[in-house]
Protein chains: 4
Amino acid sequence: MSESTISRRARNDSAKDLRRQHILDCAEKIVLHKGLSQLSITAVAKEAKLAIGTIYLYFENKEELIAQLTLKSREILLQKFREGIALSPHPLEQIRNILVASQNFYQENKFYHELVSFFEINAGLAETPELKEAGLAITHLVVSVLENAKKQGLIRPETDEKAFALIMWATSVGMIQLLDVKEAMVRELLPGKGQDFYNHYVDILLRGIMS
Amino acid sequence: MSESTISRRARNDSAKDLRRQHILDCAEKIVLHKGLSQLSITAVAKEAKLAIGTIYLYFENKEELIAQLTLKSREILLQKFREGIALSPHPLEQIRNILVASQNFYQENKFYHELVSFFEINAGLAETPELKEAGLAITHLVVSVLENAKKQGLIRPETDEKAFALIMWATSVGMIQLLDVKEAMVRELLPGKGQDFYNHYVDILLRGIMS
Amino acid sequence: MSESTISRRARNDSAKDLRRQHILDCAEKIVLHKGLSQLSITAVAKEAKLAIGTIYLYFENKEELIAQLTLKSREILLQKFREGIALSPHPLEQIRNILVASQNFYQENKFYHELVSFFEINAGLAETPELKEAGLAITHLVVSVLENAKKQGLIRPETDEKAFALIMWATSVGMIQLLDVKEAMVRELLPGKGQDFYNHYVDILLRGIMS
Amino acid sequence: MSESTISRRARNDSAKDLRRQHILDCAEKIVLHKGLSQLSITAVAKEAKLAIGTIYLYFENKEELIAQLTLKSREILLQKFREGIALSPHPLEQIRNILVASQNFYQENKFYHELVSFFEINAGLAETPELKEAGLAITHLVVSVLENAKKQGLIRPETDEKAFALIMWATSVGMIQLLDVKEAMVRELLPGKGQDFYNHYVDILLRGIMS
DNA sequence: GATGAATGAGGCTTCATTCAT
DNA sequence: CATGAATGAAGCCTCATTCAT
């Protein structure tokens with residue numbers, strides 16, 4: 001293979017990645033503005049100003065497109081968690097920061113939540129290895145913080161770090177769902193509390209494992 | 001069965017409402033057997049042995065049908081909570097029973113969970129007054145148990161009963177979602193733990209509010 | 001069920017049959033004019049001046065539509081065979097008439113041949129019971145003529161009637177295919193012979209079993 | 001291998017024609033492994049490790065590619081016929097061998113049959129001169145055997161060699177189609193006969209022309 | 001009230017072919 | 001010569017909803 005071929009290949013490959021990214025961005029935009037249910041290949045193609053068939057050059061099918069979107073959201077979440085952890089050296093604070101980062105992320109990217117939920121809810125869809133890995137990376141990060149907390153005697157020794165990491169994930173998703181969808185109801189039931197509500201949840205969860 | 005339920009039933013006991021109920025039963029059967037995604041008006045009509053158009057005489061559109069189905073699930077859930085509370089006179093046990101009843105209900109009626117999620121996730125859909133009422137009835141029941149617990153000095157006085165009732169709802173839904181959809185992942189991460197996982201969550205939540 | 005309902009049902013059922021027949025006729029027209037490859041649901045809908053979805057009220061999918069078309073062609077063929085048999089009391093003449101009827105049918109309905117071939121060629125497609133039955137009806141008719149011929153000592157006693165019925169079917173289809181598709185080539189190779197060619201085939205086949 | 005084949009090969013032995021041959025080989029591989037319906041230009045390009053556009057440098061369109069594939073199959077068939085003829089000096093045996101070789105070829109290369117049928121059935125497609133030539137080569141070979149048989153007084157003098165050569169072709173293709181697609185039906189109708197069926201056909205055909 | 005045939009927009013996906021590089 | 005990304009028409013099918021009877 002000639003050098004020129006290689007370099008062209010390289011050029012093309014990065015161009016291909018860019019295009020792929022562009023499509024993902026457009027899909028993201030649709031999900032963000034109109035919700036996951038409105039995400040159709042046709043809509044993505046229109047948004048990206050590409051032909052429908054072109055989308056299929058970059059994604060095998062709609063499911064893969066959604067998987068990639070989910071992957072991206074998990075990667076961002078992982079990053080947010082890292083930033084939250086970096087804010088404080090204290091493990092308990094780090095746990096709190098993680099839970100708050102989770103909420104922040106979803107509030108800033110309201111519809112992203114649907115993407116996380118999508119694979120949460122569509123039991124039928126198999127997660128790709130990549131997607132699984134991204135999920136595990138998040139889990140492992142949280143577990144490491146929890147192990148640290150246990151070593152320092154901050155949380156009860158009976159606490160199972162892995163189980164609690166999953167509990168953090170599951171319950172925060174549930175909380176955010178409620179806040180997202182039942183906002184009016186929450187405000188009605190808890191007037192004047194707003195954001196405190198989520199913090200209340202965080203407090204209780206932390207107290208639940210503190211020694 | 002509470003007075004309000006009975007009186008509503010009485011209100012509904014016309015021929016028209018019987019048929020409405022029949023349609024709902026058929027829709028429920030479909031959701032339970034085949035999942036929400038298979039719930040089409042055509043399928044409901046076939047199951048109910050009615051014409052498609054007839055369905056639209058009783059429900060404005062598909063959305064309302066789903067709303068009514070959700071309503072029914074909330075009524076059942078309310079009943080299950082009552083039963084759970086009746087099992088023990090001790091408020092903390094009652095709270096635990098409520099959380100366990102929640103899980104049991106969704107595990108026994110796997111697909112019902114989709115209905116809850118549906119309204120949890122489709123922020124756009126307005127809950128009908130009836131639906132709201134049913135949600136509030138559940139909330140009030142839980143709040144009364146919590147107030148009782150506080151009166152007896154079993155939970156910390158700072159605990160906001162209404163807020164915690166919602167937290168119970170939100171987090172248990174999150175937990176059940178995770179267990180439902182990520183069953184394999186949970187088993188992989190927590191080998192040999194199985195059902196303990198949910199109990200672990202209940203323990204932590206309770207410890208989080210116990211005085 | 002009231003009488004009026006029943007009569008309406010009956011009226012509707014026959015109307016439904018008519019509509020179904022209309023769709024089949026339109027599909028037939030397309031196959032006859034443009035070939036099987038041009039038979040799309042959209043084309044049928046346009047020809048029938050119906051919406052696409054309407055087609056699916058009468059046929060589960062495209063495959064079933066084609067099956068019904070094939071069924072019809074087999075029914076017509078059966079009729080043609082009966083007519084051919086009625087032309088002569090002599091079994092050997094009857095066999096000849098069957099083979100000629102086969103050719104006539106396909107020449108009069110050129111593209112119908114594709115339909116017969118369709119199921120001949122698409123091994124993947126399962127024949128419906130109805131379709132099978134129609135095929136068997138033809139086979140049985142031919143077999144009965146052959147049995148008759150054998151009883152009268154007109155064909156060799158070793159001849160297996162069923163096998164030969166299938167051989168008649170298979171070889172005549174092959175002959176007609178050749179004539180249909182390679183018309184020019186046949187004319188080139190056998191100048192001035194034209195129709196004689198098929199008769200030649202019939203003669204040879206008959207001589208092959210005559211005692 | 002005949003002189004004409006060799007000389008054509010010689011003509012073709014440029015780099016361009018090597019690549020053309022390579023593409024054909026890959027296309028053949030796809031048809032043999034996955035069937036004609038899976039033969040897409042994209043698939044051929046992938047198999048040949050060439051760009052899609054490159055395929056179009058060597059073949060005007062998909063149809064031509066298929067035509068060339070058919071050509072190849074005819075060349076192989078010609079070779080098989082020659083081998084069949086070489087097995088016996090007796091013309092009638094040679095005819096039988098030709099018919100059997102035909103069946104063997106299609107049974108060993110099941111999907112090749114689709115190629116033959118493709119051109120047999122798509123009346124619209126014009127055969128290229130090369131394709132015609134290959135067809136004629138086969139015909140001429142068979143005709144020569146028949147002429148030989150007639151000279152030796154083995155077959156009836158009225159037999160038109162050219163016509164019968166075509167009849168052999170047409171009917172054997174029909175027989176193989178039936179066996180290929182209606183295997184189950186043949187087995188059902190003729191239990192325990194299997195391969196005998198084709199031999200029965202061969203016998204009848206031979207008897208049909210024997211003097 | 002009840003019916004259910006009809007609608008048709010919209011969803012996903014494929015693939016022969018072109019054309020700028 | 002070679003490339004392969006891009007095209008977009010066309011195919012199949014679903015289903016919420018309407019409306020004439």
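Naming: A, B, ... by sequence-line order, numbering from 1 per chain.
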Residues passing the side-chain hydrogen bond (donor to acceptor under 3.5 Å, both in side chains) test with D/N61, sequence neighbours excluded, are none

Sorted by chain and residue number, the salt bridge (Lys or Arg N to Asp or Glu O under 4.0 Å) partners of A/E64 (sequence neighbours excluded) come out as A/R20

Applying side-chain contact (heavy atoms from CB on, under 4.5 Å) to D/K62 and not counting sequence neighbours gives D/I41, D/I66

Pairing string of DNA chain E (Watson-Crick or G-U wobble, both atom distances under 3.5 Å; | = paired to other strand) is .||||||||||||||||||||

Applying salt bridge (Lys or Arg N to Asp or Glu O under 4.0 Å) to D/K132 and not counting sequence neighbours gives C/E188

Taking only the C1' atom of each, what is the distance from F/dT21 to E/dG1 in whole angstrom? 13 Å

Applied to residues 41-57 of chain C, the side-chain hydrogen bond (donor to acceptor under 3.5 Å, both in side chains) test, sequence neighbours excluded, yields C/K29-C/E47

**Side-chain touch A/Y58/A/L65, heavy atoms, less than 4.5 angstrom** = no

Once base and sugar-phosphate atoms are separated, protein heavy atoms under 4.0 Å mark nucleotides 6-12 of chain F, 5' to 3', with B, S and - as BBB--SS

Sorted by chain and number, sequence neighbours left out, side-chain hydrogen bond (donor to acceptor under 3.5 Å, both in side chains) with A/Q21 holds for A/D25

Within residues 22-30 of chain D, the residues having a heavy atom closer than 4.0 Å to DNA chain F are none

From the list D/L57, D/L18, D/I55, side-chain contact (heavy atoms from CB on, under 4.5 Å) partner of D/I23 resolves to D/I55

